[in-house]
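Read the structure below first, then the notes.
None of the values given here were measured: they were computed from a predicted structure. For this chain, numbers begin at 1 and follow the sequence in order. Hydrogens, waters and symmetry mates are skipped; everything else that's a heavy atom, side chains included, is used.
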Amino acid sequence: MAALTLNLNSISNLSRSQFRQIAIDNPDMKLERNKAGNLIVMAPTGGETGNWNSELNLEIGLWNRTNDIGKTFDSSTGFELPAGGDRSPDVAWITIDKWEALTPEERRGFLPLCPDFVIELMSRSDSWVQTQAKMVEYMESGCRLGWLLDPKGKRAAIYRQGKPPELLTAPESLSGEDILPGFVLDARFLWN
C-alpha cells in the first residue's frame, strides 16, 4: 500500500504543534507532515523492505560505533526540519556536536533539526517523484548527503548540498564521502 497524503488545507493548515499532537495521539501509526502542511499516512513495509532497512541501519550503526563521531536513528525518529516538514527518514545520522547542543527535553521528542545524512529506501509501492520531493526537503533543510535507494528500479540518487542529484544504476557500493568518513556500503544486496 502506498503512502496517503491528506491535504487538510480546506479546514486547517496543519501546524507543527498540531502534527506533533496527532502523532502522540496515534502512536501505532507512521505519520509525516510535508512542508506544505499535508499529513502523510504511511503503511508498514513488507518483509523485504523491512529487512533491507534493518541491514542499512546496522551498517551505519556499526560504522558509527567504531568512529564515535555522531548519532544514528531509525525510521521511528521524527525530525522537525527547518524548511517546515516533519519527517522520519529510514536511516539518519547527525554529528555529535548537533546531539550535544540539544537539551535533554529536545532529545526525548522530535529532534528540532535536519540530519546531516539520510537514507530513504523505497518500498515497491512508493512513488519515485514523491520520494524525490522528500529528498529535496531534506536538502533545503541543511542535509549534507542523502541516498534515495530504489531496489525495484535498481537505481540510487545521491543528493549533495548545492549540487543536482547524481543518478546511478545498481551501484555496487556507495560512499559516505566526507560526511561519513571511511564509510562504504556494499549495496549489491539491494539490487538482487
Side-chain angles (χ1 to χ4, degrees), residues 2-9 12-20 22-23 30-42 53 56-57 60 64 69-103 106-107 109-123 126-150 153 155-168 171 174-181 183 185:
L4 301 173
T5 301
L6 303 174
N7 183 335
L8 305 172
N9 291 337
S12 173
N13 188 352
L14 187 62
S15 71
R16 178 161 277 155
S17 62
Q18 289 169 324
F19 169 76
R20 189 180 309 116
I22 290 170
K30 183 158 166 71
L31 305 171
E32 291 184 334
R33 184 180 72 92
N34 66 17
K35 68 180 184 178
N38 297 327
L39 181 65
I40 301 162
V41 181
M42 296 160 45
N53 268 336
L56 291 167
N57 273 289
I60 298 293
N64 190 65
I69 59 172
K71 295 287 183 179
T72 59
F73 304 92
D74 68 8
S75 62
S76 297
T77 308
F79 289 88
E80 296 177 341
L81 301 179
D86 297 289
R87 297 296 195 162
S88 299
D90 292 314
V91 179
W93 180 87
I94 64 171
T95 64
I96 198 70
D97 292 341
K98 278 188 175 180
W99 179 254
E100 290 175 349
L102 297 171
T103 67
E106 288 172 326
R107 290 178 184 182
F110 292 174
L111 298 178
L113 53 81
C114 183
D116 294 290
F117 171 75
V118 297
I119 299 175
E120 284 293 346
L121 175 65
M122 294 180 60
S123 62
D126 286 337
S127 158
W128 178 254
V129 171
Q130 288 176 344
T131 311
Q132 283 180 308
K134 190 180 203 182
M135 296 301 291
V136 169
E137 279 189 48
Y138 293 130
M139 301 315 287
E140 289 174 349
S141 290
C143 182
R144 297 186 294 151
L145 178 65
W147 299 345
L148 171 53
L149 306 176
D150 177 15
R155 59 188 169 178
I158 311 305
Y159 287 77
R160 299 172 183 94
Q161 268 297 313
K163 297 181 181 175
E166 177 185 5
L167 188 60
L168 305 171
L174 296 167
S175 169
E177 302 177 5
D178 60 340
I179 310 306
L180 306 176
F183 179 74
L185 175 72

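Exactly one of Y138, Y159, F117 qualifies for a ring pair (Phe, Tyr, Trp, His ring centres under 6.0 Å) with W147. That residue is F117. Test I119, D90, V91 against N57 for side-chain contact (heavy atoms from CB on, under 4.5 Å) and you get one pass: V91.
For the pair P115 and F73, the minimum side-chain heavy-atom distance is 4.5 Å or more. Between T131 and D150, the closest side-chain pair of non-hydrogen atoms is not below 4.5 Å. Side-chain contact between K71 and I96: present, with at least one pair of heavy atoms (C-beta onward) separated by less than 4.5 Å. Between R16 and F110 the shortest side-chain heavy-atom distance does not fall below 4.5 Å. P165 has its side chain out of reach of M135: every pair of non-hydrogen atoms, C-beta onward, lies at least 4.5 Å apart.
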Worked check of side-chain hydrogen bond (donor to acceptor under 3.5 Å, both in side chains) between N64 and W93: CA-CA 9 Å; N64 190 65; W93 180 87; 2.8 Å; yes
side-chain contact (heavy atoms from CB on, under 4.5 Å) between L81 and K35, worked out: CA-CA 9 Å; L81 301 179; K35 68 180 184 178; over 6 Å; no
Working for side-chain contact (heavy atoms from CB on, under 4.5 Å), residues N34 and R87: CA-CA 7 Å; N34 66 17; R87 297 296 195 162; 3.3 Å; yes
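Summarising the geometry of G146 relative to C143, their closest heavy-atom pair is N-SG, 4.4 Å, with the distance given to 0.1 Å. Of all non-hydrogen atoms in L102 and E106, the two that sit nearest each other are CA-OE1, 3.3 Å. Here the closest heavy-atom approach between residue Q130 and residue S127 is recorded as N-OG, 3.1 Å. When every heavy atom of D86 is checked against every heavy atom of F19, the shortest pair comes out as CB-CE2, 3.5 Å.
To the nearest 0.5 angstrom, E137 atom CD is 9.0 Å from K134 atom NZ. Taking CG of L185 as the reference point, atom CG of L56 lies at 6.0 Å (rounded to 0.5 Å). Atoms CG and CG, on L145 and D178 in that order, are 8.5 Å from each other to the nearest 0.5 Å. Here the CG atom belonging to D116 is positioned 7.0 Å from the CD1 atom belonging to I94, to the nearest 0.5 angstrom. Interatomic distance, S141 OG to E80 CD, rounded to the nearest 0.5 Å: 11.5 Å. How far CD of Q18 is from CZ of R20: 11.0 Å, rounded to the nearest 0.5 Å.
A salt bridge is defined here as a Lys NZ or Arg NE, NH1 or NH2 lying under 4.0 Å from an Asp or Glu carboxylate O, and R144 with E177 fails to meet this definition.
Listed for the S88 side chain is a donor-acceptor partner under 3.5 Å among the backbone atoms of T77.
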